[in-house]
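Along the sequence shown, residues are numbered consecutively beginning with 1.
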Amino acid sequence: GPLEEAWQNGTRGGLAASPYLYYHGGSGEPGPSLYLHYDAADNLVQVLDGTKEFWLYDPFQAAQLLYGSNSEHGNASPINVESPSVFEDYPYFRFALPRRCRVRAGQWLYVPLYWWHAVRSGPGRTVSLAHFAHSAKKKKGIFEKFLCTSAALQVALGRVAQGMSTLAMVDPTFKPQEYGLGSFM
């Protein structure tokens, strides 16, 4: 369609192997999930049949809250977002606030580069395409510089672990009680 054509022929060149086809035959049970990870390219997800559920985390929550480590895990996190013991296994993960959405047949979802995401296919047949495209070098460079030097967030998390109120430094409107997290005050 026109959106895909503009994506592939615009200023962002499509990646050679793109698009990727994902297929789940369906069995009535929830479909397979894709681990929590990020991509170093912009991504347009096109659902052709069925549904996909996404957990999206902005890149500024990256390593500290999602336990990401390029040296240990590459572009992945060891966290299973659906695990019942996820907060016991990964205590800082409770501070990661996902944007969740369900994408249905005929819908598209834009996942910017370096946004962490986990994906689960719906219970029936699911068919989707992932269209990857190179990002502008300037945009990619800004993210790489910031994400590699996010010492301020590490300091803030250290203070949270000590029981001090620091989430206000990150988001002054954050109210932990609304998320069942208790108070840091």
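Side-chain contact between V47 and Q107: absent, with no pair of heavy atoms (C-beta onward) separated by less than 4.5 Å. With a 4.5 Å cut-off on side-chain heavy atoms, Y20 and S128 do not count as touching. Inter-residue side-chain proximity for D58 and W115 is flagged as met; some heavy-atom pair is nearer than 4.5 Å. With contacts defined as side-chain heavy-atom distances shorter than 4.5 Å, the pair H131/W108 qualifies. Put simply, the side chain of L48 reaches to within 4.5 Å of the side chain of L129, judged on heavy atoms.
Between D42 and P112, the shortest heavy-atom contact is OD1-CA, 3.5 Å. L36 and A118 make their closest contact through CD1-N, 3.9 Å (heavy atoms, listed as atom of the first residue, atom of the second, distance). Pairing each heavy atom of A133 with each of A41, the nearest pair is O-CB, 3.5 Å. Between W116 and P59 the shortest heavy-atom distance is CD1-CA, 4.3 Å.
In this structure, CG in N43 is found 8.0 Å from CG in L109, a value given to the nearest 0.5 Å. Atoms CZ and CD1, on F93 and I79 in that order, are 5.0 Å from each other to the nearest 0.5 Å. Taken from NE2 in H24 to OG in S33, the straight-line distance is 11.0 Å, to the nearest 0.5 Å. Between atom OG of residue S121 and atom OH of residue Y22 there is a gap of 10.0 Å, rounded to the nearest 0.5 Å. Considering CG of L21 and CD of Q46, their distance stands at 10.5 Å, rounded to 0.5 Å. Here the CH2-SG distance, from W55 to C101, works out to 10.0 Å after rounding to the nearest 0.5 Å.
A side-chain donor-acceptor contact under 3.5 Å links N80 to the backbone of E82. Between the D49 side chain and the T126 main chain, no donor and acceptor come within less than 3.5 Å of each other.
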- Message: ring pair (Phe, Tyr, Trp, His ring centres under 6.0 Å) for Y114 and Y57? Distances and angles first, verdict last.
- Response: CA-CA 9 Å; Y114 295 128; Y57 300 87; over 10 Å; no
- Message: side chain to side chain contact (heavy atoms under 4.5 Å, CB included) for R120 and V81? Distances and angles first, verdict last.
- Response: CA-CA 10 Å; R120 172 158 307 277; V81 297; over 6 Å; no
- Item | Stepwise side chain to side chain contact (heavy atoms under 4.5 Å, CB included) check, D39 with N75 | CA-CA 7 Å; D39 298 306; N75 69 328; 4.2 Å; yes
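E53 and R102 are joined by a salt bridge, as a carboxylate oxygen and a charged side-chain nitrogen come within less than 4.0 angstrom of each other.
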